[in-house]
Peer 1: 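Take a look at this one; I'll ask things after.
Values reported hereafter were calculated over all heavy atoms of this structure, with side chains retained and with hydrogens, waters and symmetry mates removed. Protein chains get the first letters and strands the later ones, always in sequence-line order, with residue 1 at the start of each. What you see is a predicted model, and the numbers here were worked out from it, not measured in a lab.
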There are 2 protein chains.
Amino acid sequence: MTTVNLKHLAKELGLAVSTVSRALRDSYDIGDDTKKKVMALAHKLNYEPNPYASSLRKHKSKTIAVIVPEIANNFFSLAINGIEDVAQEKGYHVLIYLTHENYAKEQSITRYLQSGRVDGVLMSVSNETNDIQHIHALKQKNIPIVFFDRVCDNVDTTKVTTDDFESAFKGTEHLIEQGCKNIAFFSVPSFVSIGNKRMLGYEEALKMHKLKVNPNYVVYDTNNAEENLKQVKRVLSGKKRPDGVFASVEKLAITTYHACNELGIQIPKDIKVISFSNLNTASLLNPSLTTITQPAYDIGKRAATILFRSLDKKNATIMNEKVTIAATLIPRDSTRQ
Amino acid sequence: MTTVNLKHLAKELGLAVSTVSRALRDSYDIGDDTKKKVMALAHKLNYEPNPYASSLRKHKSKTIAVIVPEIANNFFSLAINGIEDVAQEKGYHVLIYLTHENYAKEQSITRYLQSGRVDGVLMSVSNETNDIQHIHALKQKNIPIVFFDRVCDNVDTTKVTTDDFESAFKGTEHLIEQGCKNIAFFSVPSFVSIGNKRMLGYEEALKMHKLKVNPNYVVYDTNNAEENLKQVKRVLSGKKRPDGVFASVEKLAITTYHACNELGIQIPKDIKVISFSNLNTASLLNPSLTTITQPAYDIGKRAATILFRSLDKKNATIMNEKVTIAATLIPRDSTRQ
DNA sequence: TAAAGTTTCGAAACCGTTTCCGTAAATAAA
DNA sequence: TTTATTTACGGAAACGGTTTCGAAACTTTA
């Protein structure tokens, strides 16, 4: 009930508040025996320093924000896992904010974070985010940001991603090697970093193999499951049905499976499917799904490590660099010839 | 850079800090025109109140902690989704802590939270948690806790769960109806709330149908994927192989699929499988998996709503009640006769 | 017109830590 | 012994809000 604070400890020990404070943080100018006495009483009374008082005084909260589009998604939940692991190790706390792929929400969240509640931000932008005013506003308040996966290329900071271009290129090439000639591309809008890079990799592979890019084969995530299914079915039941699908996001691979089930299209006989995905059941699907698997946990861990390293210095400056971690292509039945 | 605070606003307006503070919070005893002036300037200068100063003074942080065993898990990520949704709506912030099913971690987290960093806690205990001292310590600091899914029955507070006993009963009965006579049970340790209740439901169904409970058919999650696979394979390759598997947690259903693949056991011909699961690809598995699906999102939402309702009152008291939300059994191919 | 009430605002205390500054005692140097 | 230096600690300001108390200025009532 009556929460124990420095004043209580000080009174009980006949010391000054400042002395107790320094003793607890093992300051060099406090005698060893007083330190011991203070520590002992603090431990006995279960003293826990008030983080708000400390943060107010120090202008440091030992807290970061993680802003992601969604959490019920294998990639993001794994990334958060990685983030939380280093956070716990470094003594940081992590606040979670979901944008639900909604730009307005993303804006109001970043807006709020200018208050100084967090020391830094880890972020994967929503697929509606076209403008970066809100990001710059945060940076101007000296709050460092590290992007992961879905980055803003024209913001000066570190971005941790997979090799999206190369992976998309290889994935598309894999489909071509398996005999596909008409390859559909299901993705997020191309102003989103990953949408753009993966699209470019896909197109490059097609060009390299003298296949033509068919704009009718492209579907963008609408952020609405039913609408997505409708769009995918439209493409798969068009007059010239594709014989391969490159899904740039897991969600649309699932949609493709459902669409094929409904339309009676057989994978991989009629159409082959490959997807960026972190499904841990990919090998158990019917048919098992060929995936380009991103090291989601490592990406989160890496991004967090970079952020914390900068936060632990006095001048929290973050390099403008791109950190790329390779994804791995795991061939399975969905692309078997 | 130079963060704008109340003092700046006050000086610029020629008002007292207290006046500005009250104007911004629309206090009744400030004139309308001064209010407007204050609001205007605050908006113009992009003023964001310092949450730490406010929390320090008010002893309220508008922040809750969510403590879960893991996050790369469909149930928990969906639950967190529900939690974050209401939190955002109510203007609360959510701190995430992962225990990784580790009791020591759970202890140190709850220990730390006694500092008053959060106003309340939403929690699903680890499967190592046998003792509840750390929970009581939190309660004695007047920090309300609401449990969800994995609860502590002997703590006086609200617990939000699914109807674990009934669901396990029905799930087991479903296997029996599909012709199973020797049903294995793969679960979490039985001192965990869900482990216990689901086990009882399973046993009750067996008794009701005059089937005997075979302790050799029980496998408990060891928190180690390889070990789990070994245990499951041991049971599935024993002299008297079960013809049905009730997986109390999704993870072990996946393990069962892998084990069957490796051992050449066919589902559902040789063995039928049902599982508590929130896999959104359950219908796409090979074979599609019969699931008992918990309304994870709703559970999170419900638990959060209850917590916030109590926090918004002055005397944060939480009823000692059990809120039960029904799970739904979705029959699929893995239990087809 | 004086007394009473209302409206609108300012001064200052307060929340719990951290930190700057100062000082008395103990030790070292001259 | 006197003077410098170190050691060990106390006092008080500061962080940025919120809240209590009170007091002008203005309005209403008798």
Peer 1: For B:K58 and D:dT18, give me the distance from atom NZ to atom C1', rounded to whole Å.
Peer 2: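 Roughly 8 Å, once rounded to whole Å.
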Peer 1: Between atom CG in B:L9 and atom P in D:dG17, what is the gap in whole Å?
Peer 2: 8 Å
Peer 1: What contact category does A:G116 fall into here, base, sugar-phosphate, or nothing, at under 4.0 angstrom with non-hydrogen atoms?
Peer 2: nothing
Peer 1: Is A:S54 touching bases, backbone alone, or none of the nucleic acid, heavy atoms closer than 4.0 Å?
Peer 2: sugar-phosphate
Peer 1: Classify the nucleic acid contact of A:P49 as base, sugar-phosphate or nothing, counting any heavy atom under 4.0 Å across all strands shown.
Peer 2: sugar-phosphate
Peer 1: Where the side chain of B:L56 is concerned, which of D:dC9, D:dG17, D:dG16 is the nearest nucleotide?
Peer 2: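 Between D:dC9, D:dG17, D:dG16, the one nearest the side chain of B:L56 would be D:dG16.
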Peer 1: Quickly work out the A:N50 CG to C:dT18 C1' distance and round it to whole Å.
Peer 2: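 Whole-Å distance recorded here is 13 Å.
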Peer 1: Atom NZ of A:K37 and atom P of D:dC9: how far apart are they, to the nearest Å?
Peer 2: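 After rounding, the reported distance stands at 8 Å.
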Peer 1: May I ask you to check whether A:N46 and B:R111 show a side-chain donor-acceptor distance below 3.5 Å?
Peer 2: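 On atom types as modelled, these side chains qualify, holding a pair under 3.5 Å.
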Peer 1: Which comes earlier along DNA chain C counting from the 5' end, the contact point of B:D32 or that of A:Y47, where each point is its nearest nucleotide?
Peer 2: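 The residue closer to the strand's 5' end, by nearest nucleotide, is B:D32.
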Peer 1: Report yes if a side-chain nitrogen or oxygen of B:R57 is closer than 4.0 Å to either non-bridging phosphate oxygen (OP1 or OP2) of D:dT19; otherwise report no.
Peer 2: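 No, B:R57 has no side-chain N/O under 4.0 Å of OP1/OP2 on D:dT19.
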Peer 1: Any chance the side chains of B:Y47 and B:H8 put a donor and an acceptor closer than 3.5 Å?
Peer 2: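 The answer is no; no qualifying pair exists.
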Peer 1: Under 4.0 Å between a side-chain N or O of A:T19 and OP1 or OP2 of D:dA8?
Peer 2: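 The answer is no; no side-chain N or O of A:T19 sits under 4.0 Å from OP1 or OP2.
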Peer 1: In whole angstrom, give the distance that lies between atom NE2 of B:H59 and atom P of C:dT17.
Peer 2: 11 Å
Peer 1: Give the rounded distance in Å between these two atoms: CG of B:D29 and C1' of C:dT8.
Peer 2: 7 Å
Peer 1: Counting only side-chain nitrogens and oxygens, does B:R25 get under 4.0 Å of the OP1 or OP2 atom of D:dT18?
Peer 2: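 Checking D:dT18 against B:R25, a side-chain N or O does come within under 4.0 Å of OP1 or OP2.
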Peer 1: Considering every strand and a 4.0 Å limit on heavy-atom distances, what is the contact class for A:N5: base, sugar-phosphate, or nothing?
Peer 2: sugar-phosphate
Peer 1: For B:Y28 and D:dT19, what is the distance between atoms OH and P respectively, to the nearest whole Å?
Peer 2: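 Interatomic distance, OH of B:Y28 to P of D:dT19: 12 Å.
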Peer 1: Are the side chain of B:K35 and the backbone N or O of B:S27 linked by a donor-acceptor pair below 3.5 Å?
Peer 2: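 Between the backbone of B:S27 and the side chain of B:K35 there is a qualifying donor-acceptor contact (under 3.5 Å).
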Peer 1: Are B:Y103 and B:H134 an aromatic pair by the rule of ring centers under 6.0 Å?
Peer 2: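 Yes, they do, as the ring centres are separated by less than 6.0 Å.
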Peer 1: Between B:S21 and B:S18, do the side chains contain a donor N or O and an acceptor N or O under 3.5 Å apart?
Peer 2: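 No donor-acceptor contact under 3.5 Å links the two side chains.
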Peer 1: For A:Y52 and C:dT18, is the shortest distance between a side-chain N/O and OP1 or OP2 below 4.0 Å?
Peer 2: no
Peer 1: Looking at C:dC20, C:dC9, C:dG10, which one has an atom nearest to any side-chain atom of B:A16?
Peer 2: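 Selected nucleotide: C:dG10.
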Peer 1: Within the 4.0 Å heavy-atom criterion, would you say A:S55 contacts the bases, only the backbone, or no part of the nucleic acid?
Peer 2: nothing
Peer 1: Of the nucleotides C:dA11, C:dT19, D:dG16, which one has an atom closest to the side chain of B:A53?
Peer 2: D:dG16
Peer 1: Would you say B:S21 places a side-chain N or O within less than 4.0 Å of OP1 or OP2 belonging to D:dT18?
Peer 2: yes
Peer 1: Tell me the interatomic distance from A:K62, atom NZ, to C:dT18, atom P, rounded to whole angstroms.
Peer 2: 13 Å
Peer 1: Is it true that A:D85 and B:H100 share a donor-acceptor pair across their side chains at a distance under 3.5 Å?
Peer 2: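 Checked: B:H100/A:D85 side chains pair up, N/O donor to acceptor below 3.5 Å.
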